[in-house]
Structure formats: C-alpha cells, structure tokens
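These values consider heavy atoms only, across backbone and side chains, with no hydrogens, waters or symmetry-generated copies.
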Amino acid sequence: MPIQQSDVLYTAVAIAENGRDGRVATDDGRLDVVVDPPKEMGGNGAGTNPEQLFAAGYSACFQGALGVVAREAKADIAGSTVTAKVGIGRNDDGFGLIVEISAQIPNVDTATARGLLEKAHQVCPYSKATRGNISVTLV
C-alpha cells in the first residue's frame, strides 16, 4: 500500500541539468556530480551515470533492509556487503532497466543468507518500488 504524504519522514530533492550529459545535485549540496553517458552508450564515460546512482541507492537501501530482517531473525550480518548491478538496454518502447542483487554475508550459512536476501527483497523500499516494473534477480 502506498504511503500518504502525512507519513513521509524525509524527502530527498535532486536537480538535474542537461539530463544524461550534465550535472545532478541535491538541494542541500551534499551530492553534486557530473553525469555523462557511459562509453557503451556513446558517451565519454568521464562522469557517473544515472544507472550507477540507482545502483548505489538500491544497494544501500537493500543493505538497510537486510539489517532489519537480520535483527528479526537474530542473524549476524556483520561484515556483509550488498551489490546491485543495474543494466540499461533497449526494449519495445525505448529503454528499460534490469537489476541483479547479491549479498556476501560471511557469518551465516548459504540457506540462511538466501532466506535473509529474499525477506529483505520484500521489505526494501527500492524493491517495492520496482516490483512488477523491472526485472530484479536475487543471486
């Protein structure tokens, strides 16, 4: 169920100039980066790109969700990492995204890690936002 405006705890604001070949910054100045298309898409690859920014946000959010479900399961995820791979490619109506999420969780067995990953995917706000819209694979 979508949250209501009255439920919002924080709102991030980012402003882009010149789309994929320009600059993006947050209104508080904490993030200010040059964006360039990657070489694979005809750009110079000198700056970051929207897919890298999405991957960074998704992996951080998913790591947070992993922490939530690990605490509930009393599982030790100290030293864990989450990797988000975000691909972009052509589809029927322009371009689309595909995501692969993986985690390294050194203090739990493979079955426990898989269960935590699947539970985190259910509660992560990025996963909820993308569910049914893009392919997200847990590996």
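Considering only heavy atoms from C-beta on, I77 comes within 4.5 Å of Q63 through its side chain. Side-chain contact between V99 and T130 is absent, with no heavy-atom pair separated by less than 4.5 Å.
R71 contributes a side-chain N or O that, together with a main-chain N or O of G67, makes up a donor-acceptor pair within less than 3.5 Å. Proximity of a side-chain donor or acceptor of R20 to a complementary backbone N or O of P38 within less than 3.5 Å is not detected. Under a 3.5 Å cut-off, the side chain of N49 and the backbone N or O of G45 do not form any donor-acceptor pair. Within the 3.5 Å criterion, the main-chain N or O of H121 finds a donor-acceptor partner in the side chain of R131.
Nearest approach of V13 to I15, heavy atoms of both residues: CG1-CD1, 4.2 Å. In this structure, C61 and P125 approach most closely via the heavy-atom pair SG-CD, 3.4 Å. L117 approaches A103 most closely through the heavy-atom pair CD1-CB, 3.7 Å. Residues T26 and R30 approach most closely at OG1-N, 3.3 Å, considering heavy atoms.
The environment of D93 atom CG is dense: over 12 non-hydrogen atoms of other residues, nucleotides or ligands sit within 6.0 angstrom. Atom CD of E17 has more than 12 neighbouring heavy atoms from other residues, nucleotides or ligands inside a 6.0 Å radius. No more than 12 heavy atoms of other residues, nucleotides or ligands shown are found within 6.0 angstrom of CD on Q104.
Checked against S80 for a side chain to side chain contact (heavy atoms under 4.5 Å, CB included), the options V108, L66, L116, N107 give a single hit: L66.
M41 and V86 fall within the same hydrophobic cluster, where Ile, Leu, Val, Met, Phe, Trp and Tyr residues are linked whenever their side-chain heavy atoms come under 4.5 Å apart, directly or through other members. Two different hydrophobic clusters hold V68 and I105 under the rule that ILVMFWY side chains link at heavy-atom gaps under 4.5 Å. Linking ILVMFWY residues whenever their side-chain heavy atoms come closer than 4.5 Å, directly or via other members, leaves Y126 and L31 in distinct clusters. Hydrophobic cluster membership is shared by V123 and V82, with clusters built from Ile, Leu, Val, Met, Phe, Trp and Tyr side chains linked at under 4.5 angstrom.
The aromatic rings of F54 and Y58 sit perpendicular to each other, their planes meeting at more than 60°, with 30° as the lower class boundary.
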